[in-house]
Colleague: 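Input: one structure, supplied below.
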Amino acid sequence: MGGELLFVLTRAVLVPPLRTLLAWEVEGAERVPPEGPCLIASNHVSYLDPLAIGNVLDWRGRIPRFLAKEELFRSLALGWFMRSLRQIPVRRGSGEKTPLQAAVEALRRGEVVVVFPEGTISPPPHISLLPFKTGAVRIAREVGLPVLPLGIWGTQAPWSFRKGVRGRVALVFGEAEDVSKGSPAEAAARLAGAVGGLAARARELLGGRA
């Protein structure tokens, strides 16, 4: 099955329940360009983050490619599914350049690439971000792009089974960050500050709840 057809089928299955069962608070989505390359860096609080981000990008008419940990690709079914959707496996701690180069090539084709610079889900209660790795900065510098920071909240506890109550998810996109100056570690720290502020704003939109 081709990647485009699989995406259409996946969208048809996942998008209706996401939009029906969850209430969405979104700010700054207009900062995602309707076409052309876009590199997004987000905090990471749940395995549902890619679904939430993908849903909002779908509103903008964009198809995301995620850098995802290599372990997810080891499952026969899930690995086939993710590769068919052209997601990018990353072996954490290996220092391999192949995933970064795949992201660079995708951006040069005008695609949207999403990175979780923490490298894994932050520990509960998810308010403090893990130190950002430098991959997003290196990708941005290779392509000559800024990074669009994103704060997400609510995906770690989205479901409520009380009658008439919907789970709530918030996503806040910030102004594009220039990461071309300073060392990669310094630029990654500045990016972490921007994403952390947006995550705080996302929590605020949901009433500050954890």
Side-chain angles (χ1 to χ4, degrees), residues 7 10-11 13-68 85 87-88 103 107 111-130 132 135-136 139-140 145-160 165-177 179 190-210:
F7 175 81
T10 302
R11 182 184 182 279
V13 171
L14 293 179
V15 166
L18 281 173
R19 296 183 181 175
T20 301
L21 298 175
L22 297 175
W24 296 82
E25 299 285 349
V26 180
E27 289 186 350
E30 70 280 358
R31 293 178 172 134
V32 177
E35 58 184 18
C38 180
L39 177 59
I40 297 172
S42 174
N43 64 313
H44 199 7
V45 299
S46 165
Y47 286 115
L48 293 179
D49 292 342
L51 292 180
I53 295 169
N55 178 54
V56 174
L57 291 178
D58 183 65
W59 286 337
R60 295 291 293 163
R62 304 306 304 266
I63 300 174
R65 293 187 67 185
F66 291 88
L67 271 72
L85 290 178
Q87 306 309 304
I88 303 170
L107 289 167
E111 299 184 50
V112 176
V113 172
V114 183
V115 180
F116 297 108
E118 293 170 278
T120 189
I121 295 172
S122 59
H126 309 292
I127 293 174
S128 297
L129 274 61
L130 295 169
F132 272 25
I139 293 168
L145 282 176
V147 181
L148 191 65
L150 168 63
I152 187 168
W153 195 250
T155 51
Q156 72 276 24
W159 310 111
S160 172
V165 177
R166 301 164 75 194
R168 298 175 66 206
V169 174
L171 291 89
V172 182
F173 294 85
E175 297 282 355
E177 289 283 323
V179 296
R190 293 195 304 272
L191 182 60
V195 170
L198 296 168
R201 172 58 182 162
R203 292 195 298 273
E204 182 181 301
L205 289 174
L206 300 188
R209 67 176 178 82

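Both backbone and side-chain heavy atoms feed into the values below; hydrogens, waters and symmetry mates do not.
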Colleague: For Leu57, which residues count as a side-chain contact (heavy atoms from CB on, under 4.5 Å) partner, sequence neighbours excluded?
Modeller: Val32, Ile40, Ile53, Arg62, Pro64, Val112, Val114
Colleague: Treating Gln156 as the side-chain partner and Gly154 as the backbone partner, does any N or O pair qualify as donor plus acceptor under 3.5 Å?
Modeller: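 Yes: the side chain of Gln156 pairs with the backbone of Gly154.
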Colleague: Anything under 30° is parallel, anything over 60° is perpendicular, the rest tilted; go ahead and classify Phe66 against Phe116.
Modeller: parallel
Colleague: I need the minimum non-hydrogen distance between Gly151 and Leu198, along with the two atoms involved.
Modeller: N-CB, 3.6 Å
Colleague: Of all heavy-atom pairs between His126 and Ile121, which one has the smallest distance, and what is that distance?
Modeller: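 The answer is CE1-CG2, 3.9 Å.
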Colleague: Within the distance-only criterion (no hydrogens, no angle test), does the side chain of Asn55 pair as donor or acceptor with the backbone N or O of Ala52 below 3.5 angstrom?
Modeller: no
Colleague: So, taking the atom named CG in Leu171 and the one named CG in Asp49, what distance separates them when rounded to the nearest 0.5 Å?
Modeller: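 With rounding to 0.5 Å, CG (Leu171) is 8.0 Å from CG (Asp49).
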Colleague: Ala199: which residues meet the side-chain contact (heavy atoms from CB on, under 4.5 Å) condition with it, sequence neighbours left out?
Modeller: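 side-chain contact (heavy atoms from CB on, under 4.5 Å) list for Ala199, sorted by chain: Asn43, Arg203.
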Colleague: With sequence neighbours excluded, what pairs up with Ala192 under the side-chain contact (heavy atoms from CB on, under 4.5 Å) test?
Modeller: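 Phe132.
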Colleague: With sequence neighbours left out, which residue pairs that include part of residues 26-47 fulfil the salt bridge (charged side-chain N to carboxylate O under 4.0 Å, His left out) condition?
Modeller: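 Found Glu27-Arg201, Arg31-Glu175.
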Colleague: Which pair of non-hydrogen atoms, one from Ala41 and one from Val147, has the smallest distance, and what is that distance?
Modeller: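 Closest approach of Ala41 to Val147: CB-CG1, 3.6 Å.
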Colleague: Please name the pair of heavy atoms, one in Pro50 and one in Ser46, separated by the smallest distance, quoted to 0.1 Å.
Modeller: CD-O, 4.2 Å
Colleague: Could you go through Val113 and Leu67, starting from their C-alpha distance and side-chain angles, then the distance that decides it, and tell me whether this counts as side chain to side chain contact (heavy atoms under 4.5 Å, CB included)?
Modeller: CA-CA 8 Å; Val113 172; Leu67 271 72; 3.6 Å; yes
Colleague: Work out which heavy atom in Pro149 is nearest to a heavy atom in Val195; give both atom names and the distance.
Modeller: CB-CG2, 3.8 Å
Colleague: Please determine whether salt bridge (Lys or Arg N to Asp or Glu O under 4.0 Å) holds for the pair Arg168 and Glu25, giving the CA-CA distance in whole Å, both sets of side-chain angles, and the decisive distance to 0.1 Å.
Modeller: CA-CA 7 Å; Arg168 298 175 66 206; Glu25 299 285 349; 3.6 Å; yes
Colleague: Shortest non-hydrogen contact from Val179 to Ala140?
Modeller: CG2-CB, 3.6 Å
Colleague: In Å, rounded to the nearest 0.5 Å, how long is the span from CD1 of Ile152 to NE2 of His44?
Modeller: 9.0 Å
